[in-house]
Amino acid sequence: MKHDESRRQFLKKLASITGGAALLSTQQQFQLIQSALAAKNDYSSLSDYKSLVCVYLYGGNDAFNMFVPNTSSGYQQYVNVRQTLAIRQEYLLPVAGERHAFHPSMSRLRNLYDQKKMALISNVGTLLEPVTRSTLQKQAVQLPPNLYSHSHQAEMWMTGLPPITGKIQHGWGGRMFDLFMQGLKSGDIPPVYSLLGNNEWQSSVTTIPFSINPWDDSTGFNYLSGKKWPKREKSRTTAWENILKLASSHSNPMKQQWASSIGIARERLASFSDAFAHVADIKTSFDNDNHLAMQLRKVAQIISIRKVMGQHRQIFFVGIGGWDTHGQQLTTHADLLSKLDNALYSFQSALAELRLEKSVTSFTASDFGRSLTANGDGTDHAWGTHALVMGGAVNGGQIHGEMPQLVLGGDDDSGNDGRIIPTIALDQYAATLAKWMGVSNSDLNDIFPYLRNFATSDIGFMA
Amino acid sequence: MFVTHYSLKTVSLFAFLFLLISACAEAGGGNVIKNEGSVKTVGNINSGGPSNARDSSGLLRVKSMVSGSGNTGGSGITRVTGNTLTIKSIYAARFLTQATFGPTADEIRSFVQLDDVNKWFEQQVGATYRAHLPYVKERQAAIDQFLKLEKEAESFAYISRHHRWWDSAINSKAQLRHRIAFALSQIFVVSEKNPNLKDAQYALTDYYDMLVRNAFGNFRTILEDVSLHPAMGIFLSALKNEKADRIKNIRPDENYAREIMQLFSIGVHLLNQDGTPQLNSQGNTIPTYNEDLVKEFAKVFTGWNLAHTAWQGHMTHGSTTQSMVPWNNYHDMTEKQLLNEQKLPEDQKAEQDLDAALDNIFNHQNVAPFISKQLIQRFVTSNPKPAYVKRVANVFDDNGNGVRGDMLAVIKAILLDDEARNGAGYDPGFGKLKEPLLVISHVWRALSAIKFDRGEYGDFPGVLVYRIPQAELNEFTGTFGQGILSAPSVFNFYRTDYSPPGVLREQSITAPEFQILNENTLANLLNTLNWQVQNSHTSETQWGTTFDLQPLFDIGDDTKRLLDVLNLVFLSGQMQDDLRQIIHKHLNSPVFPPGSAGVKVRVKDAITLVISSPDFMVQR
């Protein structure tokens with residue numbers, strides 16, 4: 001308990017320190033953390049390797065067409081409500097037991113599911129507290145703000161916090177990592193990688209994610225990286241460094257921030273380039289034309305050099321856009337699911353090559369699910385959705401949570417348009433993953449302030 | 001006429017000079033700069049001289065600017081008779097940085113000569129410009145032929161669309177018009193990243209043409225043209241949106257109804273005229289609309305189809321460049337509830353409902369502050385003082401002649417406001433991080449980017465305009481974080497209230513452009529520009545667009561002049577002594593070859609150091 005208290009105070013202190021000065025280089029951050037620690041903490045004793053990969057599906061995945069009831073009554077219920085958008089039963093890919101089936105585009109993931117390496121988490125969504133149709137109708141319950149707005153819901157999925165106008169909040173991935181930063185060996189590169197640029201999930205107090213391009217191996221700032229020779233570049237580089245230093249004495253905060261970003265980038269790119277020389281030669285093929293596959297390929301490569309970088313815990317952010325299928329849903333969704341299927345399967349195969357299947361867990365996240373009712377050839381923004389969790393440590397081949405009744409105006413409907421009320425909160429979903437990463441129960445409640453409103457903090461899909 | 005009671009907030013020379021200018025200008029945003037005796041220029045500015053016919057005007061003019069001798073060109077270094085940096089040239093450089101795709105020495109000189117910013121606006125409004133679509137369609141034949149395609153492949157028109165945009169940004173005389181369209185494209189976002197728009201490149205091209213055409217028009221017209229454009233109809237799925245059908249479980253698509261309010265007009269909560277949010281008695285923000293209202297507006301946007309096609313047809317058959325047309329069989333004819341308690345009666349046709357609904361949105365009290373603040377952020381500063389927002393919003397509400405939504409008046413109010421003209425002098429928080437496309441355009445314009453009309457393997461001759469080895473022009477979003485009509489979603493490249501962790505977030509300073517800044521985009525941006533600089537006038541020019549640095553080589557021996565020019569064109573005259581000294585020190589180091597070879601690389605290094613500095617990247 002005393003230990004937890006000191007950690008909380010440490011984080012508060014850290015926030016005030018890092019906030020008040022120009023952004024620290026990662027080296028400085030580590031030094032700060034090491035010196036601020038009074039006593040040994042839980043996370044420094046981690047010696048095993050684990051990482052999380054967040055696969056973000058931008059726009060709101062229509063998961064009710066991704067994973068479909070396959071019993072005769074279940075399928076009938078589905079068809080009744082989905083009508084023109086229903087997938088024909090003969091095309092669906094049933095899982096073992098045949099009570100449910102995957103969308104026709106997902107043959108590889110269906111196989112992983114049957115091999116128990118993938119689980120289906122049913123009806124997850126943003127909640128502040130449990131909601132039922134009746135408490136909703138009585139307006140007796142707190143709801144997340146702006147429920148059907150992309151930007152607000154995506155933010156909530158990434159931060160675990162209700163969005164507040166004008167306030168930038170840190171991500172739950174980032175908050176998780178603020179804890180792990182204590183226990184990790186000092187290095188120049190934070191174990192927080194994004195393959196899709198800046199994102200809210202990984203934003204935190206202590207670190208900004210390291211952004212990597214899936215294709216190029218950026219090595220640094222050309223013409224401005226002279227170490228000794230040629231002399232002209234060395235002199236030019238020194239001049240540049242001096243110019244950057246000026247920014248901290250100028251009173252303009254934007255210039256300070258920019259110069260600081262350069263400083264961080266230089267350090268990271270140099271260290272990463274050195275480490276990447278040791279990358280494993282992964283034989284699994286990844287589809288060049290599939291952007292998600294290319295991102296995951298890079299993730300596998302980075303995982304293969306984790307020891308060189310001294311990283312026991314890592315988090316990765318990858319993603320794919322286009323899921324906001326208001327129109328043209330049948331073809332668009334099929335195409336996207338095919339890309340997801342292909343990319344995730346390649347990734348899991350690469351992990352098998354690296355013998356790390358049990359150490360890496362991938363999970364999907366999306367703004368929201370979509371309405372059961374259609375608007376012609378597409379669906380609208382809704383609420384509860386299904387998620388996929390993949391990895392050797394997953395309790396796969398099963399559904400976690402309850403499958404909702406796909407009935408308009410039924411008990412699971414928030415209204416009459418088929419916007420299903422989630423039965424698992426995002427907090428619970430995320431906390432289960434964070435717990436697997438090693439976060440203690442008390443810290444889970446700090447990271448997820450609304451978690452205590454729900455019955456359980458562990459859905460049970462991780463072994 | 002000196003105004004002596006003006007309080008000096010800094011003691012820097014330039015700030016003092018700026019204050020003199022503002023004191024002589026009209027209150028509330030001066031719009032006349034007169035060459036009166038009280039504003040003393042330091043040295044001569046060449047006010048004449050024959051013009052040289054040249055494709056892209058860049059630093060060719062430097063010589064005549066510093067020499068005052070009116071030479072037409074040619075080699076040789078002319079003697080210095082005056083200073084590059086004067087109050088007027090500095091004013092011009094800063095103004096043009098805010099109002100165009102980047103100042104050139106030529107345009108700084110013209111601006112100073114004109115000596116009347118109102119006349120500059122008149123010229124800009126009257127400047128000719130060309131729509132891109134005819135060109136893009138005409139070039140498509142060349143692309144189809146090169147790719148040996150049997151029929152027109154519109155999906156490949158992204159090549160000419162992007163290249164044509166860059167041609168306009170760098171070379172068009174209608175700079176302000178294009179700059180406004182660029183700003184509008186970040187509010188009324190459509191994007192080729194959307195799978196349904198990816199191949200509809202003619203639609204995207206025409207959509208941008210529409211924004212260019214409307215740049216000096218009225219906001220109400222923009223709302224309508226955007227709402228009825230096929231690109232938007234496809235992007236936010238208003239196209240072929242149908243009234244409710246209970247039996248088939250169909251209800252009207254809410255996408256456009258939501259986003260037209262959330263992003264294109266009023267935002268999610270009520271604002272004061274100065275852009276700050278209104279708060280209720282508990283200190284919470286007040287929503288502008290709820291889900292029911294979204295549903296009501298969804299009913300408005302029903303019954304619209306592409307021209308020249310049936311209702312039941314593929315999404316992109318029919319005209320993707322003409323305005324959508326109404327099909328009243330599919331239009332919801334029920335009563336509709338709008339903003340501010342307005343109701344639309346039943347049995348109105350699609351076009352009647354649309355007209356009334358757009359009026360309803362247009363007249364909402366939020367539009368002026370919501371739109372004005374974002375436009376200020378695109379042109380001038382990320383953190384405008386509330387009073388600045390209010391002054392501009394007031395002009396949006398009424399341009400002085402009883403007209404609401406006058407875009408030209410709003411843009412003038414933004415650019416001529418005291419905060420825009422003089423904020424750098426008194427506010428350390430003033431300014432914005434330049435967005436990647438404007439960093440690139442600024443450098444390309446100032447340094448006379450050389451056109452490069454062939455691809456790596458000689459592909460698409462006659463279509464390409466510029467080329468860089470680091471990325472194709474249409475891949476800029478992935479490479480630099482930003483590309484034209486290429487945002488990741490309808491939420492543009494960055495949120496308008498973003499603040500990066502570190503000193504900015506600690507001080508609650510908004511800086512949207514930092515949201516796309518990371519190791520990847522930073523390195524790519526500097527590496528690309530410095531590749532271009534360092535490889536100019538070498539055999540590497542065969543690989544891509546580089547610069548014509550001859551005019552700088554011509555004065556490269558005189559470090560002071562060289563740095564003065566770079567200071568003016570890139571830093572709007574704000575180069576501080578310590579920065580200058582650092583560059584000087586490098587240029588004087590014994591690391592350069594002798595003679596003219598040394599001059600050339602010194603010039604290149606000076607440019608590299610200036611454009612790689614925080615002082616260039618942050619526009620003030």
Side-chain angles (χ1 to χ4, degrees), chain A residues 19-23 58 81 83-84 146 148-151 165-166 168 197-198 203 208 210-213 218 220-224 231-232 235-236 239-240 242-244 246-247 251-262 265 268-269 321-322 326-328 332 373-376 378 380 417, chain B residues 193 195-196 237 240-242 248-255 262 268-269 277 285 291 315 428-429 431 433 488-489 491 497 499-507 509 511 515-520 522-523 526-527 530 534 578-579 582-583 586 589 591-592 605 608-609 612-615 617-618:
Chain A
L23 191 64
Y58 287 92
V81 78
Q83 302 211 15
T84 49
N146 301 94
Y148 308 121
S149 156
H150 285 295
S151 54
T165 309
I168 312 280
N198 304 16
S203 69
I208 43 179
F210 185 17
S211 280
I212 295 184
N213 185 311
S218 333
F221 292 94
N222 303 334
Y223 309 104
L224 294 166
K231 284 205 244 170
R232 184 180 141 218
S235 172
R236 187 169 61 219
W240 190 47
N242 289 333
I243 292 173
L244 295 170
L246 282 184
S251 55
N252 179 270
M254 277 195 200
K255 293 185 192 179
Q256 285 176 33
Q257 180 95 25
W258 190 85
S260 182
S261 304
I262 293 275
R268 290 180 175 185
L269 290 171
H326 284 273
Q328 301 271 72
T332 307
T373 54
N375 59 40
D380 274 301
D417 294 330
Chain B
K193 297 294 186 207
N196 298 319
S237 49
K240 296 189 207 279
N241 195 11
E242 285 185 33
K248 288 202 261 173
N249 272 345
I250 290 176
R251 351 151 242 99
D253 187 313
E254 293 168 16
N255 204 7
Q262 181 167 346
V268 292
H269 48 257
T285 56
E291 286 309 307
M315 177 184 284
L433 180 66
S489 79
F491 292 90
D497 60 352
S499 183
V503 63
L504 289 181
R505 196 177 288 184
E506 178 57 26
Q507 295 182 28
I509 295 174
Q515 196 167 11
I516 50 177
L517 182 144
N518 56 52
E519 294 81 6
N520 188 36
L522 261 182
L526 285 182
N527 287 345
N530 284 323
Q534 295 290 332
D578 45 15
L579 172 58
I582 290 171
I583 302 177
H586 170 64
S589 298
V591 298
F592 295 98
D605 279 6
T608 284
L609 289 173
S612 309
S613 70
D615 309 80
M617 291 295 178
V618 175

With a 4.5 angstrom heavy-atom cut-off, which part of [X] approaches chain B: side chain, backbone, both or neither?
X: Y223(A); result: side chain
X: Y58(A); result: neither
X: I262(A); result: both
X: I243(A); result: both

Closest approach of [X] to [Y] (non-hydrogen atoms, all atoms of both residues):
X: A239(A); Y: H586(B); value: CB-CB, 4.0 Å
X: E254(B); Y: D380(A); value: N-OD1, 3.2 Å
X: S211(A); Y: E519(B); value: N-OE1, 2.7 Å
X: T332(A); Y: P195(B); value: CG2-CG, 4.1 Å
X: A511(B); Y: M254(A); value: CB-CE, 4.1 Å
X: P428(B); Y: N252(A); value: O-ND2, 2.7 Å

Point-to-point distance, once rounded to the nearest 0.5 Å, from [atom1] of [X] to [atom2] of [Y]:
X: Q328(A); Y: K240(B); atom1: CD; atom2: NZ; result: 9.5 Å
X: H326(A); Y: D253(B); atom1: NE2; atom2: CG; result: 5.5 Å
X: Q257(A); Y: R505(B); atom1: CD; atom2: CZ; result: 9.0 Å
X: D417(A); Y: R251(B); atom1: CG; atom2: CZ; result: 5.0 Å
X: D615(B); Y: K255(A); atom1: CG; atom2: NZ; result: 4.0 Å

Side-chain contact, heavy-atom cut-off 4.5 Å: [X] with [Y]?
X: V268(B); Y: S149(A); value: no
X: S489(B); Y: H150(A); value: no
X: L522(B); Y: S261(A); value: yes

Would you mind checking which part of [X] comes under 4.5 Å of any heavy atom in chain A, side chain (CB onward), backbone (N, CA, C, O), both or neither?
X: S589(B); answer: side chain
X: Q534(B); answer: side chain
X: L526(B); answer: side chain

Quickly, which of P614(B), P500(B), S613(B) forms a side chain to side chain contact (heavy atoms under 4.5 Å, CB included) with W258(A)? Name it, please.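 That would be P614(B).
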
Q.
Looking only at heavy atoms and a cut-off of under 4.5 Å, which of D497(B), D578(B), T285(B), I516(B) has the most pairs with chain A?
A.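 So the answer, after comparing D497(B), D578(B), T285(B), I516(B), is D578(B).
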
Exercise for the section: Report the option among I583(B), I509(B), D605(B) that has the most heavy-atom pairs separated by less than 4.5 Å from atoms of chain A. Expected result: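 The answer is D605(B).
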
### Message
Using side-chain contact (heavy atoms from CB on, under 4.5 Å), reason through S612(B) and L224(A) one step at a time and then give a plain yes or no.
### Response
CA-CA 9 Å; S612(B) 309; L224(A) 294 166; 3.8 Å; yes

Is it the case that the side chain of N198(A) and the backbone of L517(B) share a donor-acceptor pair, with hydrogens and angles ignored and the cut-off at 3.5 Å?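 Between the backbone of L517(B) and the side chain of N198(A) there is a qualifying donor-acceptor contact (under 3.5 Å).
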
Keeping N222(A) on the side-chain end and N527(B) on the backbone end, is there a donor-acceptor pair under 3.5 Å?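 Not at all, since once roles are kept as given, no pair shorter than 3.5 Å links the two residues.
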
